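All values reported here derive from a predicted model rather than from experimental measurement.
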Amino acid sequence: TGTNQAVPISYYRQFDAGQTVIASRTQATTADDYLAQVAALEGARGQQQEILRLTNQALELEPSALGYYHRGKAKQLLGDNQGAIGDYNMAISLDPKDVDTVHNRGVAKSGLGDYQGAIADFNKALEIDPKNYISYDSIGLASLRSGDFRGAISAFSKAIEINPRFVNAYFNRGLAKHKSKDYQGAISDYNKAIEIDPMDAFTYGNRAVSRQHLCQKNACQINDFQEVSEICADYKKAASLGNQATAQWLNSAGGAWCRN
(Lines give C-alpha, C1' and ligand atoms only; values in the text may rest on other atoms or scores of the structure.)
Protein backbone atom coordinates (compact mmCIF):
# COMPACT_ATOMS: atom_id res chain seq x y z
CA THR A 1 0.00 0.00 0.00
CA GLY A 2 2.95 2.32 0.49
CA THR A 3 1.95 2.86 4.11
CA ASN A 4 3.81 0.10 5.91
CA GLN A 5 6.47 -0.45 3.23
CA ALA A 6 5.94 -4.22 3.36
CA VAL A 7 4.32 -6.85 1.13
CA PRO A 8 0.61 -7.15 2.05
CA ILE A 9 -0.30 -10.73 2.99
CA SER A 10 -3.06 -10.78 0.36
CA TYR A 11 -0.43 -10.22 -2.35
CA TYR A 12 1.68 -13.07 -1.00
CA ARG A 13 -1.31 -15.43 -0.93
CA GLN A 14 -2.09 -14.57 -4.55
CA PHE A 15 1.50 -15.26 -5.51
CA ASP A 16 1.67 -18.51 -3.49
CA ALA A 17 -1.50 -19.79 -5.15
CA GLY A 18 -0.10 -19.09 -8.61
CA GLN A 19 -2.56 -16.27 -9.23
CA THR A 20 -1.82 -12.94 -10.84
CA VAL A 21 -0.88 -10.47 -8.14
CA ILE A 22 -3.09 -7.38 -8.17
CA ALA A 23 -0.77 -4.76 -6.74
CA SER A 24 -3.21 -1.87 -6.68
CA ARG A 25 -6.93 -1.22 -6.41
CA THR A 26 -9.07 1.76 -7.26
CA GLN A 27 -11.47 0.83 -4.43
CA ALA A 28 -10.18 0.84 -0.86
CA THR A 29 -11.20 -2.23 1.16
CA THR A 30 -8.86 -2.23 4.19
CA ALA A 31 -7.67 0.31 6.76
CA ASP A 32 -4.28 0.26 5.08
CA ASP A 33 -5.88 1.07 1.72
CA TYR A 34 -7.59 4.13 3.17
CA LEU A 35 -4.43 5.28 4.90
CA ALA A 36 -2.47 4.84 1.67
CA GLN A 37 -4.94 7.21 0.00
CA VAL A 38 -4.46 9.63 2.89
CA ALA A 39 -0.68 9.48 2.41
CA ALA A 40 -1.14 10.34 -1.27
CA LEU A 41 -3.10 13.46 -0.28
CA GLU A 42 -0.58 14.65 2.32
CA GLY A 43 0.58 18.18 1.57
CA ALA A 44 -2.16 18.83 -0.99
CA ARG A 45 -4.12 22.01 -0.38
CA GLY A 46 -7.83 21.87 0.34
CA GLN A 47 -7.97 18.12 0.90
CA GLN A 48 -8.65 18.09 4.65
CA GLN A 49 -12.31 17.09 4.35
CA GLU A 50 -11.39 14.18 2.09
CA ILE A 51 -8.66 13.14 4.56
CA LEU A 52 -11.26 13.22 7.35
CA ARG A 53 -13.53 10.95 5.32
CA LEU A 54 -10.75 8.49 4.55
CA THR A 55 -9.39 8.39 8.11
CA ASN A 56 -12.91 7.87 9.47
CA GLN A 57 -13.24 4.86 7.17
CA ALA A 58 -9.82 3.53 8.21
CA LEU A 59 -10.50 3.95 11.93
CA GLU A 60 -13.89 2.21 11.66
CA LEU A 61 -12.09 -0.81 10.22
CA GLU A 62 -9.05 -0.72 12.51
CA PRO A 63 -8.07 1.85 15.15
CA SER A 64 -4.43 2.88 14.69
CA ALA A 65 -2.04 5.57 15.87
CA LEU A 66 -1.43 6.58 12.25
CA GLY A 67 -5.14 6.96 11.54
CA TYR A 68 -5.74 9.12 14.60
CA TYR A 69 -2.63 11.19 13.80
CA HIS A 70 -3.78 11.97 10.26
CA ARG A 71 -7.33 12.73 11.37
CA GLY A 72 -6.04 15.00 14.11
CA LYS A 73 -3.78 16.81 11.67
CA ALA A 74 -6.68 17.37 9.25
CA LYS A 75 -8.86 18.75 12.07
CA GLN A 76 -6.03 21.02 13.17
CA LEU A 77 -5.64 22.44 9.66
CA LEU A 78 -9.39 23.08 9.61
CA GLY A 79 -9.11 25.07 12.84
CA ASP A 80 -10.59 22.42 15.15
CA ASN A 81 -7.77 22.36 17.69
CA GLN A 82 -9.89 20.75 20.41
CA GLY A 83 -10.91 17.91 18.11
CA ALA A 84 -7.31 17.52 16.99
CA ILE A 85 -6.13 17.16 20.60
CA GLY A 86 -8.69 14.39 21.15
CA ASP A 87 -7.33 12.45 18.17
CA TYR A 88 -3.71 13.08 19.15
CA ASN A 89 -4.52 11.76 22.64
CA MET A 90 -5.81 8.54 21.08
CA ALA A 91 -2.74 8.26 18.83
CA ILE A 92 -0.37 8.82 21.76
CA SER A 93 -2.16 6.18 23.83
CA LEU A 94 -1.36 3.69 21.05
CA ASP A 95 2.13 5.01 20.25
CA PRO A 96 3.51 7.28 23.00
CA LYS A 97 6.90 7.66 21.31
CA ASP A 98 5.76 9.26 18.07
CA VAL A 99 7.43 12.66 18.19
CA ASP A 100 5.30 14.25 15.45
CA THR A 101 2.05 13.46 17.25
CA VAL A 102 3.31 14.78 20.59
CA HIS A 103 4.67 17.93 18.92
CA ASN A 104 1.46 18.56 16.96
CA ARG A 105 -0.62 18.20 20.12
CA GLY A 106 1.51 20.98 21.59
CA VAL A 107 0.83 23.16 18.55
CA ALA A 108 -2.91 22.54 18.93
CA LYS A 109 -2.75 23.46 22.64
CA SER A 110 -0.87 26.63 21.76
CA GLY A 111 -3.61 27.47 19.28
CA LEU A 112 -6.09 27.32 22.15
CA GLY A 113 -3.96 29.60 24.32
CA ASP A 114 -2.77 26.77 26.60
CA TYR A 115 0.88 27.80 26.38
CA GLN A 116 2.05 25.88 29.43
CA GLY A 117 0.38 22.72 28.19
CA ALA A 118 1.95 23.30 24.79
CA ILE A 119 5.43 23.75 26.27
CA ALA A 120 4.98 20.54 28.28
CA ASP A 121 4.25 18.66 25.03
CA PHE A 122 7.19 20.23 23.23
CA ASN A 123 9.47 19.22 26.09
CA LYS A 124 8.05 15.70 25.89
CA ALA A 125 8.85 15.68 22.16
CA LEU A 126 12.42 16.69 23.04
CA GLU A 127 12.67 13.79 25.48
CA ILE A 128 11.90 11.50 22.54
CA ASP A 129 14.22 13.38 20.14
CA PRO A 130 16.66 15.77 21.86
CA LYS A 131 17.81 17.13 18.47
CA ASN A 132 14.33 18.20 17.42
CA TYR A 133 15.05 21.89 16.85
CA ILE A 134 11.48 22.48 15.63
CA SER A 135 10.23 21.75 19.15
CA TYR A 136 12.69 24.26 20.61
CA ASP A 137 11.40 26.85 18.14
CA SER A 138 7.83 26.02 19.17
CA ILE A 139 8.73 26.42 22.86
CA GLY A 140 10.10 29.82 21.93
CA LEU A 141 6.89 30.82 20.15
CA ALA A 142 4.70 29.67 23.04
CA SER A 143 6.92 31.54 25.49
CA LEU A 144 6.84 34.64 23.29
CA ARG A 145 3.04 34.59 23.12
CA SER A 146 2.78 34.19 26.88
CA GLY A 147 5.09 37.20 27.43
CA ASP A 148 8.13 35.24 28.59
CA PHE A 149 10.65 36.94 26.31
CA ARG A 150 13.72 35.63 28.14
CA GLY A 151 12.45 32.04 27.91
CA ALA A 152 11.65 32.57 24.24
CA ILE A 153 15.15 33.84 23.44
CA SER A 154 16.68 30.87 25.28
CA ALA A 155 14.56 28.36 23.34
CA PHE A 156 15.26 29.97 19.95
CA SER A 157 18.98 29.96 20.78
CA LYS A 158 18.84 26.21 21.47
CA ALA A 159 17.15 25.65 18.11
CA ILE A 160 19.95 27.61 16.43
CA GLU A 161 22.61 25.59 18.28
CA ILE A 162 21.18 22.41 16.74
CA ASN A 163 20.57 23.89 13.29
CA PRO A 164 22.54 27.10 12.62
CA ARG A 165 20.76 27.50 9.25
CA PHE A 166 17.24 27.41 10.70
CA VAL A 167 16.03 30.78 9.48
CA ASN A 168 12.75 30.78 11.46
CA ALA A 169 14.62 30.72 14.76
CA TYR A 170 16.67 33.81 13.84
CA PHE A 171 13.52 35.65 12.75
CA ASN A 172 11.62 34.65 15.90
CA ARG A 173 14.54 35.43 18.20
CA GLY A 174 14.79 38.84 16.54
CA LEU A 175 11.14 39.43 17.34
CA ALA A 176 11.66 38.36 20.98
CA LYS A 177 14.68 40.65 21.31
CA HIS A 178 12.72 43.53 19.80
CA LYS A 179 9.93 43.02 22.34
CA SER A 180 12.65 43.01 25.03
CA LYS A 181 13.78 46.41 23.61
CA ASP A 182 17.12 44.91 22.55
CA TYR A 183 16.84 46.54 19.13
CA GLN A 184 20.48 46.03 18.18
CA GLY A 185 20.23 42.33 19.03
CA ALA A 186 17.04 42.09 16.99
CA ILE A 187 18.72 43.70 13.99
CA SER A 188 21.63 41.24 14.25
CA ASP A 189 19.22 38.31 14.15
CA TYR A 190 17.28 39.77 11.23
CA ASN A 191 20.60 40.29 9.42
CA LYS A 192 21.36 36.58 9.83
CA ALA A 193 17.87 35.60 8.70
CA ILE A 194 18.25 37.75 5.57
CA GLU A 195 21.68 36.20 4.91
CA ILE A 196 20.01 32.76 4.87
CA ASP A 197 16.82 33.83 3.07
CA PRO A 198 17.18 37.19 1.30
CA MET A 199 13.68 36.99 -0.19
CA ASP A 200 11.54 37.04 2.96
CA ALA A 201 9.51 40.26 2.99
CA PHE A 202 8.61 40.17 6.68
CA THR A 203 12.23 40.05 7.84
CA TYR A 204 13.00 43.31 6.04
CA GLY A 205 9.87 44.88 7.50
CA ASN A 206 10.77 43.80 11.03
CA ARG A 207 14.36 44.97 10.63
CA ALA A 208 13.12 48.37 9.51
CA VAL A 209 10.93 48.65 12.61
CA SER A 210 13.82 47.66 14.90
CA ARG A 211 16.14 50.14 13.14
CA GLN A 212 13.57 52.88 13.57
CA HIS A 213 13.21 52.12 17.29
CA LEU A 214 16.99 52.03 17.70
CA CYS A 215 17.27 55.36 15.91
CA GLN A 216 14.66 56.88 18.22
CA LYS A 217 16.36 55.36 21.27
CA ASN A 218 19.66 56.93 20.22
CA ALA A 219 17.98 60.24 19.36
CA CYS A 220 18.80 60.02 15.64
CA GLN A 221 17.86 63.09 13.67
CA ILE A 222 15.81 62.92 10.46
CA ASN A 223 18.83 64.29 8.58
CA ASP A 224 20.98 61.36 9.65
CA PHE A 225 21.10 60.11 6.07
CA GLN A 226 22.70 56.71 6.68
CA GLU A 227 20.26 55.65 9.40
CA VAL A 228 17.18 56.91 7.60
CA SER A 229 18.23 55.52 4.23
CA GLU A 230 18.71 52.03 5.76
CA ILE A 231 15.28 52.19 7.37
CA CYS A 232 13.68 53.33 4.10
CA ALA A 233 15.51 50.66 2.12
CA ASP A 234 14.16 47.93 4.39
CA TYR A 235 10.58 49.20 4.25
CA LYS A 236 10.69 49.45 0.46
CA LYS A 237 12.30 46.02 0.09
CA ALA A 238 9.61 44.49 2.30
CA ALA A 239 6.89 46.08 0.18
CA SER A 240 8.53 44.98 -3.09
CA LEU A 241 8.63 41.37 -1.85
CA GLY A 242 4.91 41.35 -1.08
CA ASN A 243 4.49 42.57 2.50
CA GLN A 244 1.05 44.11 2.03
CA ALA A 245 0.91 45.82 5.43
CA THR A 246 4.17 47.63 4.72
CA ALA A 247 3.04 48.56 1.21
CA GLN A 248 -0.17 50.08 2.61
CA TRP A 249 1.80 52.02 5.21
CA LEU A 250 4.20 53.37 2.56
CA ASN A 251 1.22 54.67 0.58
CA SER A 252 -0.34 56.30 3.65
CA ALA A 253 0.28 59.74 5.07
CA GLY A 254 2.38 58.20 7.86
CA GLY A 255 4.75 56.62 5.35
CA ALA A 256 5.24 59.75 3.27
CA TRP A 257 8.64 60.55 4.78
CA CYS A 258 9.92 57.11 3.79
CA ARG A 259 8.16 57.03 0.41
CA ASN A 260 9.68 60.38 -0.58
Is the shortest heavy-atom distance from the side chain of [X] to the side chain of [Y] under 4.5 Å?
X: Asn243; Y: Tyr204; value: no
X: Asp234; Y: Asn206; value: no
X: Cys215; Y: Ile231; value: yes
X: Lys97; Y: Asp95; value: yes
X: Leu214; Y: Ile187; value: yes
X: Phe166; Y: Ile134; value: yes

Do [X] and [Y] share a hydrophobic cluster (ILVMFWY, side-chain heavy atoms under 4.5 Å, transitive)?
X: Phe171; Y: Ile160; answer: no
X: Ile194; Y: Tyr235; answer: no
X: Ile119; Y: Tyr136; answer: yes
X: Val99; Y: Ile162; answer: no
X: Ile139; Y: Ile153; answer: no

So, taking the atom named [atom1] in [X] and the one named [atom2] in [Y], what distance separates them when rounded to the nearest 0.5 Å?
X: Asp121; Y: Asn104; atom1: CG; atom2: CG; answer: 10.0 Å
X: His70; Y: Leu41; atom1: NE2; atom2: CG; answer: 10.5 Å
X: Ile51; Y: Arg53; atom1: CD1; atom2: CZ; answer: 11.5 Å
X: Asp129; Y: Ser135; atom1: CG; atom2: OG; answer: 7.5 Å
X: Asn172; Y: Phe156; atom1: CG; atom2: CZ; answer: 4.0 Å
X: Asn123; Y: Ser138; atom1: CG; atom2: OG; answer: 11.0 Å

Checklist entry - Can Thr55 and Tyr34 be said to form a side-chain contact (heavy atoms from CB on, under 4.5 Å), step by step? => result CA-CA 7 Å; Thr55 50; Tyr34 286 113; over 6 Å; no

At their closest point, which heavy atom of [X] faces which heavy atom of [Y], and how far apart are they?
X: Ile196; Y: Pro164; answer: CD1-O, 4.1 Å
X: Ala84; Y: Gly72; answer: CB-O, 3.2 Å
X: Lys236; Y: Leu250; answer: CA-CD1, 4.1 Å
X: Ala118; Y: Gly106; answer: CB-O, 3.1 Å
X: Ala31; Y: Ala58; answer: CB-O, 3.6 Å
X: Pro198; Y: Leu241; answer: O-CD1, 4.1 Å

Among side-chain atoms of [X] and [Y], is any donor-acceptor pair under 3.5 angstrom?
X: Arg150; Y: Ser180; value: no
X: Ser188; Y: Asn191; value: no
X: Asn251; Y: Arg259; value: no

Checklist entry - What residues join Leu94 in its hydrophobic cluster, counting side-chain heavy atom gaps under 4.5 Å, either direct or through other members? => result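 Cluster partners of Leu94: Leu59, Tyr68, Met90.
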
Item to check | side chain to side chain donor-acceptor pair (under 3.5 Å) partner of Asp189, the single match among Arg207, His178, Lys177 | outcome: Lys177

Next on the checklist: Check whether Arg173 reaches the backbone of Ala186 with its side chain - one donor and one acceptor, N or O, closer than 3.5 Å.
Outcome noted: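 Checking the backbone N and O of Ala186 against the side chain of Arg173, no donor-acceptor pair under 3.5 Å is found.
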
Next on the checklist: Can you classify the ring geometry of Trp257 versus Trp249 as parallel (below 30°), tilted (30 to 60°) or perpendicular (above 60°)?
Outcome noted: perpendicular

Checklist entry - Which pairs pass ring pair (Phe, Tyr, Trp, His ring centres under 6.0 Å) with one or both residues in residues 83-107, sequence neighbours excluded? => result His103-Phe122

Would [X] and [Y] pass as an ion pair if we require N to O under 4.0 Å?
X: Lys73; Y: Glu42; value: yes
X: Glu127; Y: Lys124; value: no
X: Glu195; Y: Lys192; value: yes

Checklist entry - Taking only residues two or more places apart in sequence, or in another chain, which ones meet Asn168 in a side chain to side chain donor-acceptor pair (under 3.5 Å)? => result none

Item to check | Evaluation steps, side-chain contact (heavy atoms from CB on, under 4.5 Å), between Tyr190 and Ser210 | outcome: CA-CA 9 Å; Tyr190 293 141; Ser210 291; 3.5 Å; yes

Next on the checklist: Checking Asp98 against Ile92 for the side-chain contact (heavy atoms from CB on, under 4.5 Å) test, could you report, in this order, the C-alpha distance in whole Å, the side-chain angles of both residues, the deciding distance, and whether it holds?
Outcome noted: CA-CA 7 Å; Asp98 186 77; Ile92 290 168; over 6 Å; no

Next on the checklist: Could you go through Leu52 and Gln49, starting from their C-alpha distance and side-chain angles, then the distance that decides it, and tell me whether this counts as side-chain contact (heavy atoms from CB on, under 4.5 Å)?
Outcome noted: CA-CA 5 Å; Leu52 284 180; Gln49 291 293 348; 3.8 Å; yes

Checklist entry - Within a reach of under 6.0 Å around CD of Glu50, are more than 12 heavy atoms found that belong to other residues, nucleotides or ligands? => result yes

